[in-house]
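First comes the structure, then the notes that go with it.
Any value given below was found using the heavy atoms of this structure, including those in side chains, with hydrogens, waters and symmetry copies removed. Note that the coordinates shown come from a computational prediction; the quantities given were computed from them, not determined experimentally. Note that the numbering runs from 1 along the sequence shown for the chain. Whatever order the structure lists ligands and atoms in, that order sets their numbers, starting from 1.
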Amino acid sequence: MIESRICADLGIKYPVFQGGMAWVADASLASAVSNAGGLGIIAGMNMNGEQLRAEIKRTRELTDKPFGVNVMLMSPYAAEVATVVAEEKIPVITTGAGNPGIYMKSWLSAGIKVIPVVASVALARMMERRGAYAVVAEGGESGGHIGELSTMALVPQVASAVNIPVIAAGGIADGRGMAAAFMLGACGVQMGTRFLVARECTIHENFKQLVLKAGDRDTVVTGRRLGHPVRALRNALTNEFKAKEADSSVSDEELSEIGRGALYRAVREGDLERGSFLCGEIAGLVNREQSAAEIVTEVCGEAEKLLMNAPSFVR
Ligand code: TUI
């Protein structure tokens, strides 16, 4: 059985987080992952405070296990979402796409374990000083908004820099990735792409099929010019974005306009041309729809076997 120090602290059986994917990570997916013994996480990104409160209520009806909420700091609703999670006494909060410093005090005094997602050693160190329980070190293999470093380089550098637990994310979708993350100094993993095709994941069927069929080179990064690099499956939208991003006659405002509403069009409408199908580089390994419970137990079972066999590499 694969276990680490975060399991007892967070009240989970397996050290596996489900990424708080915008528009994707709802009560259905989060409760299924938590019921499977991992940590399900609701995305706060696409909701205002009251919508999030309703989603938390739905999740509590579906599971009595701990679950988390992700606060996307670039969201226009970040401040009200930050208040709701404190009022609701959510046991675990992850944050993304920024520095959650201004919210730390109120969350800590509500007894919440704060786990910022970081893409650099500097932010990991700062979060440890501010009282974070752990950090998720997320490499650029991930889908969605990404930093500059790869998981392979980021995780060991963060693990060396801080004393709090490190959870690895980016490019992990099976037991090999999980075992490797533990060898890099992590004591847990967060997966997004693999959970996109969970049976309890409510995204449009077109999105699931794209992930199931994707190969190793099917994601691209757009938005570097705007300072917000985002990884998604290549399609007409990313091709147009790439071309316009390289064209200096196109203004930044015009560029931002292309992406507006694209996440919703992908996740809820399955719009193959105009949707932004956020997805990690590891999609090529994700070839089967399974229940969240099958995913969690399969990944942990594989990792356990690999780690048990590790002595075979040494003499
Ligand atoms: O946040 C994510 N991934 C996301 S958020 C998202 S919603 C969105 N959709 C379209 C465009 C923009 C956003 C989709 N995917 N992951 C966590 C993450 N955080 N990755 C990188 C970072 C990060 C980057 C810079 C965290 C902090 C940071 O700088 C902090 C500072 O010092 O200000």
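Residue pairs meeting the ring pair (Phe, Tyr, Trp, His ring centres under 6.0 Å) criterion with at least one partner in residues 237-268, sequence neighbours excluded, are W23-Y264.
Looking only at heavy atoms of the protein, atom 27 (C) of ligand 1 is closest to G98 N, 3.4 Å. Closest protein heavy atom to atom 22 (C) of ligand 1: A97 N, 3.8 Å. Scanning the protein heavy atoms around atom 17 (C) of ligand 1, the nearest turns out to be V117 CG1, 3.3 Å. Among protein heavy atoms, atom 12 (C) of ligand 1 sits closest to M74 CE, 3.9 Å. Annotation: atom 5 (S) of ligand 1 to nearest protein heavy atom, M72 CG, 3.7 Å. In terms of protein heavy atoms, atom 31 (C) of ligand 1 is closest to N99 CB, 4.1 Å.
Of all atoms in ligand 1, listed by their number and element, those nearer than 4.0 Å to a heavy atom of G144 are 14 (C), 15 (N). The contact set between ligand 1 and L278, taken as ligand atoms under 4.0 Å from a residue heavy atom, comprises 14 (C).
I146 and G140 get closest at one heavy-atom pair: CD1-O, 3.6 Å. Scanning all heavy atoms of the two residues, the minimum distance from T238 to A232 falls at CG2-CB, 4.3 Å.
Comment: R58 engages E55 in a salt bridge, judged by a side-chain N to carboxylate O separation of less than 4.0 angstrom. In this structure, K305 does not pair ionically with E302, as no charged nitrogen and carboxylate oxygen lie closer than 4.0 Å. Here E245 does not pair with R224 in a salt bridge; the nearest charged N to carboxylate O distance is not below 4.0 Å.
Taking each of H228, M21, H145 in turn, the one with a heavy atom nearest to atom 15 (N) of ligand 1 proves to be H145. In this structure, of V230, L263, L149, the residue bringing a heavy atom nearest to atom 11 (C) of ligand 1 is V230.
Looking at L255 and L226, their side chains come closer than 4.5 Å, going by heavy atoms from C-beta outward.
At distances below 3.5 Å, not a single donor-acceptor pair connects side-chain atoms of S4 with backbone N or O atoms of G188.
The nearest protein heavy atom to atom 25 (C) of ligand 1 is not closer than 4.0 Å.
At a 3.5 angstrom cut-off on N or O pairs, E138 counts as close to ligand 1.
Every salt bridge (charged side-chain N to carboxylate O under 4.0 Å, His left out) that D252 has, sequence neighbours left out, goes to R225.
Residue contacts with ligand 1, taken as heavy atom pairs separated by less than 4.0 Å, involve L123 solely via side-chain atoms from C-beta onward.
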